[in-house]
Amino acid sequence: MTASPAPSDASAYKDTLNLLETPFNMRANAKVREPELQAFWAEQQIYEQLSREGLSPERPGPVFTLHDGPPYANGALHVGHALNKILKDIINKHALLSGKRARFVPGWDCHGLPIELKVLQGLSSSERAALTPVSLRQKAHAYALEQVELQKSGFRRWGIWADWDQPYLTLQKSYESAQIGVFGAMVLAGHIYRGLKPVHWSPSSRTALAEAELEYPDGHSSPSIYAAFPAVQLPEALATKLAAAGLNAEAATASGGLAVAIWTTTPWTLPANLAVSVNGRLDYSVCAVTCRGETPAPAASHLLVAAELRDSLETSLGLQLTPLLTVKGAELEGIVYRHPLLERTSPVVIGGDYITTEAGTGLVHTAPGHGVDDFNTGRKYNLPVLCPVDEAGNLTAEAGPFAGTNVLKDANPTIIAALEGTGLLLKQERYEHRYPYDWRTKKPTIFRATEQWFASVEGFRDQALAAIASVTWLPESGRNRIEAMVRDRGDWCISRQRTWGVPIPVFYHRETGEVLLNADTLAHIQTLIGEQGSDVWWQRDEADLLPPAYADQASQWRKGSDTMDVWFDSGSSWAGVLGGLRGGITPAGPAVGDGALTNPEHGAAAAAPPQATPLNFPADLYLEGSDQHRGWFQSSLLTSVAVNGHAPYKRVLTHGFALDEKGRKMSKSLGNVVDPAVLVEGGKNEKQEPPYGADVLRLWVSSVDYSADVPLGPGIVKQLADVYRKVRNTARYLLGNLHDFDPRPQTEGGNAIAIEDLPLLDRWMLQRTAALIDAVSADFERFEFYRFFQALQNFCVVDLSNFYLDIAKDRLYVSAANSFRRRSCQTVLSLVVERLAVLIAPVLCHMAEDIWQNLPYPVAEKSVFERGWPKTEADWKTTPLNLNQASLEDPEMQEIISSFLNCDQLDDEGPIGEIKGLRRLVNRQLEICRSKSIIGSSLEAHLHLDLSEGNVSQGLRQVLGLIKESTQLEVDNLKDWLLVSSLSLAFEGNANPAPDADANADTNADTNANADTNANADTKQLLIPPSTELGITIGIAKAAGQKCERCWHYETDIGDHAAHPTLCGRCVAVLAQNPPK
RNA sequence: GGGGGCUUAGCUAUCUGGUGAAAGCACCCGACUCAUAAUCGGAGUCAGGCGGGUUCGAUUCCCGCAGCCCCCA
């Protein structure tokens, strides 16, 4: 052995250490790096290849279809979009890594009122006047495409993988055509009908609205009135009872006699009143009216009210109500009353349980044209659907003297005034309640009976409920939610009086109004739209829209002007995208030139990329916010059940809403909005709003339990950025210590140590990694990504950084470059980093790829995503341990070995967990010394452990026995694991002070580290009083000898080597192998 | 107004009818200066939104209230 010359400067020994070396930066520089990585994926066609071939082209994996619910093509992306699309992407990327062909076709919902209004708002009044339906539609089309591109670029920046060049848009010809196909199939199945029905109507936008288009702002108040409707006729039985109670029929029905008291918050509906409804099961009282205080006498001597409400009505009406007779509501049927304002009479009828005693009088003013309950009740009694209100909300001639007034303006006061004039107004007051507003114009809506097209849910409700039962709902509560909705919902109004949408392809006879809608016309229009797009409906006249067979009668027909509810658009995506339409009416052929999406199963592959993976129908998964139980989940279900008889999806996963850190909704007024674009790319002031990158946004999505609402705010983002950096630094450390490592086995000329030759410590690390793989695999399978997030953090922080890597520093830096002690550790680092990269890839896709691209040795896969999901290696857990032969045969030791090998759960560390516990105790003592400035680094300490007391935990004693038996003491060495320079250990039954676990491991592998020769251990002076905890007595002494300049350990042989007077024997030996340059 | 959901340390998350439930991060203190805009160590914090009930005993079961969120009318 030849000693190398000593470096001139002592600190130059630093250069003889094997320190970190990697271009993988500590800081992500995400703003630049993430787009580079995305470009790499694009160039290498990683997504395209994996989604079409799976991991192996020879054996393509199963198709997995997560069908994208189309966001509305309007407005900037918000964190809700991020939550939704990133969740989908995490699932898809995990599927791709698992070998599935997860092709993701993104979609956009492009029709509808908001876009139409947006376009209209951008026009001057003269432009607006000159607008034709076709030109409006062209502008809306262009606007939607613009918005799609904006949103698309945002999604791509988040690292979402999808067929971005072949998305589906509900305005595409092929999509529209498929949608007509769905509509047609429903028509032919008898599920579509036309009828007069009260629907939510917005006078401000002159259209019917879907429930989804309504909002209920706070602070709405309506003018509520109590009114008396004079009875003019009584049923026989009631008249008899009344007479017995002292009120004869003649008096009751005379002017100023008995009246029924009603309450309404919509006085403007009074002209449409055709009945008063009562609840047959409630009690009602005929009461004599006496004036009280200043309240003027009403034009009725007796009032009929719900018995339960009599008290409260006395107060609110300011009248004394003396009950004469109380009867069930059912007995009131047959009363006829006179309309208080118009010349007609109407009946009292039995309504339903919607009539309660919570407010009002228990008798409900019923206008079948202006309320759903009213309509249903009216239908039972064959009442006409009277609707004296036009589309602008103006009362028509049918409203008699009130014609011309507007329901949102002067109709109420006018009618109230008229009522007051008759003496039949009992009371008026403002009433605050939630009231539906047009979501777009923010103006109140009304119920108004109009001619509409409906899908008769009644016709397939049972099938729909059966379909719901066959779907897996995650979380399970989603099932009850949608089931209740479908069970109770009424028919679906699918028509809209708007221009920007897919037309309802129907013709009306110009004279008779007869409807023309059959297989012929449907197929013809479907083909036309498939070729020309739905503009054709407005561009052509009837002669060119009707099938040839109707050519000679074209002039008799008028095309309809209604468009479809946008929920019907998106609800048809299973047909437009997944090709789920079978049977008579099918989607039209390929559309050219609009990026149309097609399905190979229907022979329409022209616009699709070559070898496009088919999509599954029903889809494997739908994943949207929980509000879509009423929206897309339901509209998709209803159309699919109506046409196919089954649901369009196998599983439905829902997520909550993104709220701020206090759990409140994000809003501009609260100033708590997190803009995902700012989070990713940084704000105007990058110091205040740094560019965190897409991975941090993605990490957020993974970190929260999305089955409930999820919080997000600046504080949370900062924490996530810290976690991101911790993971990144851990990966960087792994990469940086592999710069001279060849992962091939030593037998093939590489540096990797065989698993069966690894020391205990390394075997434990592999076990932990295996446990992580198992746990995280299950987390992804169950879509419980927050568990992955927690496990990842704990793995990086606790297992790696705090324990394994902390101990590894000495092995990696100090030991000779090619020593077993170092190569064994590198073997583990290499195995861990490659698996860690894959495990984080679904979530931290950019970091994972960055790690992969910075692996310092060649790997077979050009992208981390080609590696495939890691499997737990069996031999990481089961390979025999490297222990002395004698101990392997000892039955007691065999038990310990098996307890080591069998700890395969993440929360079960097995015997090594005991060491961590010991470390905590030791660290506590070291910290006491540190706080007294007695020592700094733990290497300045000599540790005296006395376990001879007897109540030391069995586990600790076992694991110490295990270490003692290791044949690789240069690694499995307690003093190294506890990061002290020397150690003496007294065991139970071992009166002699034990062994100072000694160094020189590199050169003296056969030294029994626990066989002490240092009889002075006991006499070393303790720096602080020894502490005893859990039976373990810990004493801290100053380590003997001097600090080695190179490895910083305190050793007694410093100065023994003339060439390196400041080094310990171990370092001298290392330098002999690796001479300094 | 009706239905559903949530409420555990500053943040995210876990757990449980019964001794101190509780991890990681953040914060505070300290060490190192060979992961250095890094790394290591130590310490503290709530008796689990509020009120009531069931029970020998509840954070965990039930009811009510409040706040927040979603859906419906």
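Chain A is the first sequence line, chain B the second, and so forth, proteins listed ahead of strands; every chain is numbered from 1. Note that the structure is a prediction, hence the values are computed from the model and not measured.
The separation between A:Phe657 atom CZ and B:G4 atom C1' is 13 Å, rounded to whole Å. One can place CE of A:Met485 at 13 Å from C1' of B:A73, the figure rounded to the nearest angstrom. Atom CD1 in A:Ile1034 sits about 14 Å away from atom C1' in B:G42, given to the nearest Å. Summarising the geometry, the separation between CG on A:Leu659 and C1' on B:G5 is reported as 12 Å, rounded to the nearest angstrom. Rounding to whole angstrom units, CZ of residue A:Phe633 and P of B:C71 are separated by 13 Å. A:Lys916 has its NZ atom 12 Å from the P atom of B:C40, to the nearest Å. The interatomic distance linking A:Ile1036 (CD1) with B:A31 (C1') rounds to 14 Å, in whole Å. Atom P of nucleotide B:C40 and atom CG of A:Leu978 are separated by 17 Å, given to the nearest angstrom.
Heavy atoms of A:Lys1043 sit under 4.0 angstrom from primed sugar atoms or phosphate atoms, though from no base atom. Residue A:Tyr813 is classed as a base contact, given a heavy-atom separation below 4.0 Å to a base. At the heavy-atom level, A:Asp810 lies nowhere under 4.0 Å from the strands shown. A:Asn480 comes within 4.0 angstrom of no nucleic acid atom, judged by non-hydrogen atoms across all strands. Heavy atoms of A:Asn729 sit under 4.0 angstrom from at least one base atom. When heavy atoms are screened at a 4.0 angstrom cut-off, A:Gly736 is found touching no nucleic acid atom at all. At the heavy-atom level, A:Tyr786 lies under 4.0 Å from the strands shown only through sugar-phosphate atoms. If you check every strand for non-hydrogen atoms under 4.0 Å, A:Cys1047 touches a base.
Considering only residues two or more places apart in sequence or on other chains, A:Tyr733 meets the ring-ring contact (aromatic ring centres under 6.0 Å, His included) condition with none of them. When the side chain to side chain contact (heavy atoms under 4.5 Å, CB included) test is applied to A:Glu927, the partners found at least two apart in sequence or on another chain are A:Arg930.
For the pair A:Arg725 and B:A38, the criterion of a side-chain N or O lying under 4.0 Å from OP1 or OP2 is met. At the phosphate of B:C71, neither OP1 nor OP2 sits under 4.0 Å from any side-chain N or O atom of A:Arg489. Distances shorter than 4.0 Å separate some side-chain N or O of A:Asn802 from OP1 or OP2 on B:G41. Under 4.0 angstrom from either OP1 or OP2 of B:U33 there lies no side-chain N or O belonging to A:Lys809. At the phosphate of B:U39, OP1 or OP2 sits under 4.0 Å from a side-chain N or O atom of A:Lys726.
Heavy atoms from other residues, nucleotides or ligands lying under 6.0 Å from CZ of A:Arg920 number 12 at most.
A:Lys665 forms no cation-pi arrangement with A:Phe657, by the criterion of a distance under 6.0 Å to the ring centre and an angle within 45° of the ring axis. Both cation-pi conditions hold for A:Arg728 and A:Phe24: the charged atom is under 6.0 angstrom from the six-membered ring centre and inside a 45 degree cone around its axis.
Here the rule is ring pair (Phe, Tyr, Trp, His ring centres under 6.0 Å) with A:Trp632, and of A:Tyr622, A:Trp567, A:Tyr72 only A:Tyr622 fits it.
Between B:A43, B:U12, B:C70, one nucleotide has an atom nearer to the side chain of A:Arg924 than all others, and that is B:A43. Distance from the side chain of A:Asn794 is smallest for B:A23 among the nucleotides B:G42, B:A23, B:A37. With distances taken from any side-chain atom of A:Arg630 to the nucleotides B:C68, B:C72, B:C70, the minimum falls on B:C72. For A:Lys665, the listed nucleotide lying nearest its side chain is B:C70; candidates were B:A13, B:A43, B:C70. Picking from B:U39, B:A37, B:C70 the nucleotide with the shortest atom distance to the side chain of A:Met26 gives B:A37.
Judged by distance alone, with hydrogens and angles left aside, A:Gln790 brings a side-chain donor or acceptor within reach of the base of B:U12, the pair sitting under 3.5 Å. Between the side chain of A:Ser801 and the base of B:A35, a donor-acceptor pair under 3.5 Å is found.
Inspection of the A:His365 and A:Thr269 side chains reveals an N or O donor paired with an N or O acceptor under 3.5 Å. Side chains of A:Ser815 and A:Arg821: a donor-acceptor N/O pair is present below 3.5 angstrom, by distance only.
Checking B:G64 for Watson-Crick or G-U wobble geometry (two distances, each under 3.5 Å) identifies B:C50 as its partner.
With hydrogens and angles disregarded, no donor-acceptor distance shorter than 3.5 Å links the side chain of A:Ser636 to the backbone of A:Phe633.
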Could you run down the sub-3.5 Å N/O contacts of the protein with nucleotides 26-30 of chain B?
{"unit_1": "B:A26", "atom_1": "O4'", "unit_2": "A:Gln719", "atom_2": "OE1", "d": "3.2"}

